Amino acid sequence: MPWPILNDSETERLTRAEVERQNTALQLIASENFASPAVMAATGSVFTNKYSEGYPGRRYYGGNQIVDQVEDLARQRVCALFGADHANVQPHSGANANMAVYQALLDPGDTVLGLSLDHGGHLTHGSPVNASGMMYNFIGYRVGDSDERLQMDEIADLAAEHRPKLIVAGATAYPRIIEPEPFRKIADEVGALLLFDAAHIAGLIAGGLHPNPVPYSDVVTFTTHKTMRGPRGGCILCTDDLAAAIDKAVFPGQQGGPQEHAIAAKAVAFAEAATDEFRTYAAQVVSNAAALAESLAAEGFRLVSGGTDNHLLLVDLRPFDEDLSGKEAQTVLDEAGITLNRNSIPDDPRSPFVTSGIRIGTPAVTTQGMKEPEMAEIGRLIAATLRNRTDEAAIKGIRNEVRQLCTPLAPYPDLV
Ligand SMILES: *Cc1c(COP(=O)(O)O)cnc(C)c1O
């Protein structure tokens, strides 16, 4: 076939370099994971070629007989996985999913309660630089001063005061279990709808580790690429009575043609998440986070909220080294092959670009087969890197240790 470029060596070289990076360094970004070869094969499939605006059985284009089946498969699998009435698997991302929910449930200017960004909430929970914050009147709730956990009585007071139309539960940097039931109670008390944004923890819920918000929520959104371990994308679950409004808000409200190759890969990921192997995986993600927390605490770091119940840790660097910012820690750790992100801690005195904290997650390293002994090792390597951060030779040595730790457990040994 006369494809114009037979061998794009530049992109190939970059792809190989990225495989090498993922195979030989520690991926500790809490929102990342390694997708299975089956998920990646579906993502790279011919479904990428198809236009299918609309929904199964109601498309604006011809030729969707097979696409309809793949989208129905994804919808059925995810509804079974979470016990949901209805699913929309078309959102291109978690942010799109949230914006569609707002469009379906709210009018511009309506009041919404969500977790403050500087206390662990997401951009789409009302950041002034995000459309959510520009279009809706978001009121932020915060974690407690002493225990750094959600304060349900304060959230109830805020709800009574502001009478939101919608309450958003869920977080992007919160290391504890979020109980959906008390949120439902508060929403009912003030006549609000409840959106549970499970972007980070969907895989932990599917694996039976965290409470399922579906029975308590009007709408649940999540991303498919974080603990869920699927392709990049979003998903919305809702009750039957909201199904039509949600579907209309996704298409034509927010998006045009769905990415059916991603939807095929979501179908694969939902099947994977229903297996015993995935439950074992999710349990190990949580055990690994606890083990890493213990190791870091022993090295002199402070863990926000004192520890973790999920896949992530929020680390306050100040007790370890008052002068060390999150920004500097992220940069030097990256040089050592330890990739994570800086993150504000509650009431951080430094700006969100600098921060006093880092966020560390175990989903990816757990996928590649690391367990408690490796977590102890990772804790030691993080502390050693930060203690020796001005010593170039020491950082080089640690980069080699990281390579030795990762190589036998490389996620994609066959792709090199
Ligand atoms: C990651 C995340 C999102 C957005 O997901 P994207 O796919 O990056 O758009 C939304 N909400 C929360 C709580 C998240 O952590």
Side-chain angles (χ1 to χ4, degrees), residues 27-33 35 39 43 78 88-103 105 112-127 129-133 135-136 138 140-143 150 166-178 180 183 194-206 210 213 217 219-237 246 249-250 254-255 258-259 262-263 265-266 269 285 289 308 310-314 340-344 352 357 359-364:
Q27 310 303 327
L28 295 171
I29 292 179
S31 49
E32 292 184 1
N33 212 327
V39 164
T43 309
V78 75
N88 188 307
V89 295
Q90 293 192 0
H92 303 327
S93 70
N96 286 38
N98 285 348
M99 290 312 294
V101 174
Y102 301 150
Q103 182 173 333
L105 305 183
V112 186
L113 223 55
L115 179 59
S116 289
L117 260 62
D118 54 346
H119 280 219
H122 188 256
L123 266 179
T124 55
H125 300 178
S127 161
V129 299
N130 181 265
S132 60
M135 289 181 68
Y136 307 104
F138 268 84
Y141 53 85
R142 308 165 66 75
V143 298
L150 296 176
L166 175 70
I167 297 177
V168 183
T172 200
Y174 183 71
R176 296 300 182 175
I177 285 178
I178 302 177
F183 273 102
L194 177 62
L195 163 62
F196 195 107
D197 179 349
H200 264 263
I201 56 172
L204 304 183
I205 295 164
H210 277 218
S217 311
V219 186
V220 172
T221 55
F222 64 92
T223 61
T224 47
H225 50 274
K226 298 181 184 175
T227 53
M228 199 64 199
R229 208 164 67 178
R232 303 202 77 74
C235 183
I236 305 175
L237 307 174
I246 291 288
V250 173
Q254 295 276 337
Q255 298 184 170
Q259 307 204 341
I263 289 171
K266 288 173 193 179
V285 166
T308 176
N310 60 17
H311 62 297
L312 70 82
L313 326 169
L314 209 49
L340 44 70
N341 64 283
R342 65 181 179 272
N343 212 103
S344 294
R359 190 184 67 164
I360 311 181
T362 54

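One-based numbering, in listed order, for ligands and for the atoms of each. We're numbering straight along the sequence, starting at 1. All of these numbers come straight from a predicted model, not from anything done at the bench.
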- request: Could you list which atoms of ligand 1 come closer than 4.0 Å to a heavy atom of His225?
  value: 7 (O)
query: Side chains of His125 and Asp197: is there a donor and an acceptor less than 3.5 Å apart?
result: yes
field: Residue Asn98 vicinity, atoms of ligand 1 by number, heavy atom under 4.0 Å
entry: 10 (C), 11 (N)
task: Examine ligand 1 and decide if any of its atoms is less than 4.0 Å from a heavy atom belonging to Ser31.
output: no
message: Could you tell me, atom by atom, which parts of ligand 1 come under 4.0 Å of a heavy atom of Thr223?
response: 5 (O), 7 (O)
message: Between Phe183 and Phe196 (judged by ring centroids, cut-off 6.0 Å), do the two rings come close enough to count as a pair?
response: no
- prompt: Under 3.5 Å, N or O to N or O, is Gly94 touching ligand 1 that way?
  reply: yes
- line: Heavy-atom nearest pair, Lys266 first then Pro91, reads NZ-O, 3.1 Å
- prompt: With distance as the sole criterion, is a donor-acceptor pair present between the side chains of Gln103 and Gln254 under 3.5 Å?
  reply: yes
- request: Compare all side-chain heavy atoms of Ser93 with those of Arg232 and state whether any distance is below 4.5 angstrom.
  value: no
query: Would you say Ala95 has any N or O atom under 3.5 Å from an N or O of ligand 1, going by distance alone?
result: yes
query: Got an N/O contact under 3.5 Å between Asp197 and ligand 1?
result: yes
message: Going by a strict under-4.0 Å cutoff (protein heavy atoms only), does atom 5 (O) of ligand 1 have a neighbour on the protein?
response: yes
query: Do the side-chain N and O atoms of Asn98 and Thr221 include a donor-acceptor pair separated by under 3.5 angstrom?
result: yes
field: Contact check: Lys226 vs ligand 1, nitrogen or oxygen atoms, below 3.5 angstrom
entry: yes
message: Please check: side-chain N/O of Tyr141 versus main-chain N/O of Leu150, any donor-acceptor pairing under 3.5 Å?
response: no
query: If you measure from each non-hydrogen atom of Ala171 to ligand 1, which part falls under 4.0 Å: side chain, backbone, both or neither?
result: backbone
task: Indicate yes or no for a side-chain donor-acceptor contact from Asn33 to the backbone of Lys226 under 3.5 Å, with no hydrogens or angles considered.
output: yes
query: Considering only heavy atoms of Thr172, which atoms of ligand 1 have at least one such atom less than 4.0 Å away?
result: 14 (C), 15 (O)
query: Considering only heavy atoms of His200, which atoms of ligand 1 have at least one such atom less than 4.0 Å away?
result: 15 (O)
message: Taking a cutoff of less than 4.0 Å between a non-hydrogen atom of the residue and any ligand atom, is Arg232 in contact with ligand 1?
response: no
message: Quick check: closest heavy atoms across Ser31 and Arg359, and the distance to 0.1 Å?
response: OG-NH2, 3.4 Å
